[in-house]
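Because the structure is a prediction, the values reported are computed rather than measured.
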Amino acid sequence: MISPENATAVPAVDRLAELGASIAARPYARRGMSQSNEMIRVLLADDHGIVREGLRVLLRSAPDITVVGEADNGASALSLAQQLAPDVVVLDLDMPGGDGATALRAIQEKTPSVRVLILTMHAEHERLLPLLEGGARGYLSKAAASTDLIEAIVPQRTDETAQSRFRTLSDREKTILRSVAQGYSGAEIARRLGISSKTVDAYKRRVEEKLGFRHRTDYVSFAIDAGILGQTEGA
């Protein structure tokens, strides 16, 4: 039985399974395999079996991602992370047996090499920012997982460091990236820098083209990796 607070999850979950099946038929030549040809090993952690099933079907379409395990609570997620040593854990923020925030801290402590992506029903910035600062590599709302999850997992493996990629940007592009990651809107950035919103959008497009960003979570996770999230201008 679906509780009222979880009722909105069903359409998104249905779309996951449907989209996963359709993506499976698409060629992935645009992205291709990594140079090392090594699979990205993923652990799924969500207390709803139908959500895990939808995510599993979705990820099956990616040629360089394999699901190595599934957990239905925080304690199980930690145990499997220690046993399986996945590259990435996709972690639901609200689970029984230890919520996602508790599980994140434990996974970071016990298996620091594992990268964690937060999966949440409600992308509340105030709740998520401490988790990102505490080690999560990014977050996705469940509604956006159908379109963004694969690409959110793939950037977790890169041959270049975030710092070296950040240095390839112009000073203004660095400012825009840092501001977006810190939660400022386009209009707020424009006012702070004394430029138009269209100019801000143009710089965002340049950043996204250079670094392969598709979603705001890419800005946040990159800024954390590069160590620039909390920096002020000129730092």
Side-chain angles (χ1 to χ4, degrees), residues 30-31 34 40 87-91 93 100-101 104-105 107-109 112-145 147-235:
R30 287 183 303 166
R31 189 186 78 227
S34 67
I40 303 175
D87 298 304
V88 178
V89 175
V90 178
L91 182 69
L93 194 54
L104 168 63
R105 288 191 291 270
I107 290 171
Q108 291 292 298
E109 179 183 350
S113 64
V114 174
R115 301 188 173 201
V116 179
L117 292 175
I118 295 294
L119 194 63
T120 178
M121 183 60 68
H122 305 290
E124 301 168 353
H125 181 72
E126 296 80 6
R127 186 183 182 192
L128 291 168
L129 187 56
L131 301 179
L132 294 168
E133 292 176 334
R137 294 308 185 104
Y139 70 87
L140 290 171
S141 69
K142 290 187 178 180
T147 55
D148 294 342
L149 181 59
I150 290 176
E151 297 301 332
I153 290 173
V154 170
Q156 302 307 313
R157 178 182 58 199
T158 177
D159 294 328
E160 295 181 288
T161 66
Q163 292 89 343
S164 67
R165 297 172 71 199
F166 184 66
R167 287 194 292 269
T168 67
L169 303 178
S170 69
D171 288 344
R172 183 49 59 90
E173 289 166 350
K174 291 175 182 175
T175 299
I176 297 295
L177 188 159
R178 185 185 293 110
S179 298
V180 173
Q182 291 173 340
Y184 291 100
S185 68
E188 289 171 331
I189 296 171
R191 286 195 296 271
R192 292 176 71 219
L193 299 180
I195 58 179
S196 70
S197 293
K198 287 186 177 180
T199 301
V200 172
D201 290 339
Y203 276 111
K204 285 176 63 178
R205 284 194 296 272
R206 293 183 194 175
V207 170
E208 290 162 4
E209 288 172 1
K210 288 183 177 181
L211 301 181
F213 291 174
R214 295 185 58 202
H215 190 270
R216 183 177 171 272
T217 185
D218 295 329
Y219 284 85
V220 177
S221 58
F222 181 90
I224 291 170
D225 284 348
I228 62 168
L229 186 62
Q231 288 183 357
T232 57
E233 191 58 32

Problem - Whether Thr168 side chain and Ser164 backbone form a donor-acceptor pair below 3.5 Å - result: no
Provide the closest heavy-atom pair for [X] versus [Y] in the form atom of the first, atom of the second, distance.
| X | Y | result |
| --- | --- | --- |
| Lys210 | Glu173 | NZ-OE1, 2.8 Å |
| Arg192 | Ser179 | NH1-OG, 3.2 Å |
| Val114 | Gln108 | O-NE2, 3.6 Å |
| Ala145 | Leu119 | CB-CD1, 4.1 Å |
| Ile118 | Ala136 | CG1-CB, 3.8 Å |
| Ala187 | Ser197 | CA-OG, 4.0 Å |

To the nearest 0.5 Å, how far apart are [atom1] in [X] and [atom2] in [Y]?
| X | Y | atom1 | atom2 | result |
| --- | --- | --- | --- | --- |
| Leu177 | Gln182 | CG | CD | 10.0 Å |
| Arg191 | Ile189 | CZ | CD1 | 10.5 Å |
| Asp148 | Ser141 | CG | OG | 8.0 Å |

Practice task
Might you work through the side-chain contact (heavy atoms from CB on, under 4.5 Å) test for Phe166 and Arg178, ending with a clear yes or no?
Solution key: CA-CA 10 Å; Phe166 184 66; Arg178 185 185 293 110; 3.7 Å; yes
Practice task
Evaluate the side-chain contact (heavy atoms from CB on, under 4.5 Å) criterion for residues Leu131 and Leu93: first the C-alpha distance (whole Å), next the side-chain angles of each, then the deciding distance (0.1 Å), finally the verdict.
Solution key: CA-CA 10 Å; Leu131 301 179; Leu93 194 54; 3.2 Å; yes
Exercise for the section: State, with a plain yes or no, whether a side-chain heavy atom of Ile176 is found less than 4.5 Å away from one of Leu193. Expected result: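 Yes; the side chains approach each other to less than 4.5 Å.
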Practice task
Report yes if the side chains of Lys174 and Ile228 come closer than 4.5 Å at any heavy-atom pair, otherwise no.
Solution key: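 No, too far: nothing below the 4.5 Å cut-off.
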Problem - Arg137: side-chain contact (heavy atoms from CB on, under 4.5 Å) partners, not counting sequence neighbours - result: Arg115, Leu117, Gln156, Asp225
Problem - Set of side chain to side chain donor-acceptor pair (under 3.5 Å) partners for Glu188, sequence neighbours left out - result: Ser185
Practice task
Please assess Leu169 against Leu211 for the test side-chain contact (heavy atoms from CB on, under 4.5 Å), listing each intermediate value before the final yes or no.
Solution key: CA-CA 9 Å; Leu169 303 178; Leu211 301 181; 4.1 Å; yes
Problem - Of all pairs that satisfy ring pair (Phe, Tyr, Trp, His ring centres under 6.0 Å), the ones with a partner from residues 185-213, not counting sequence neighbours - result: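 Residue pairs passing ring pair (Phe, Tyr, Trp, His ring centres under 6.0 Å), neighbours aside: Phe213-Tyr219, Phe213-Phe222.
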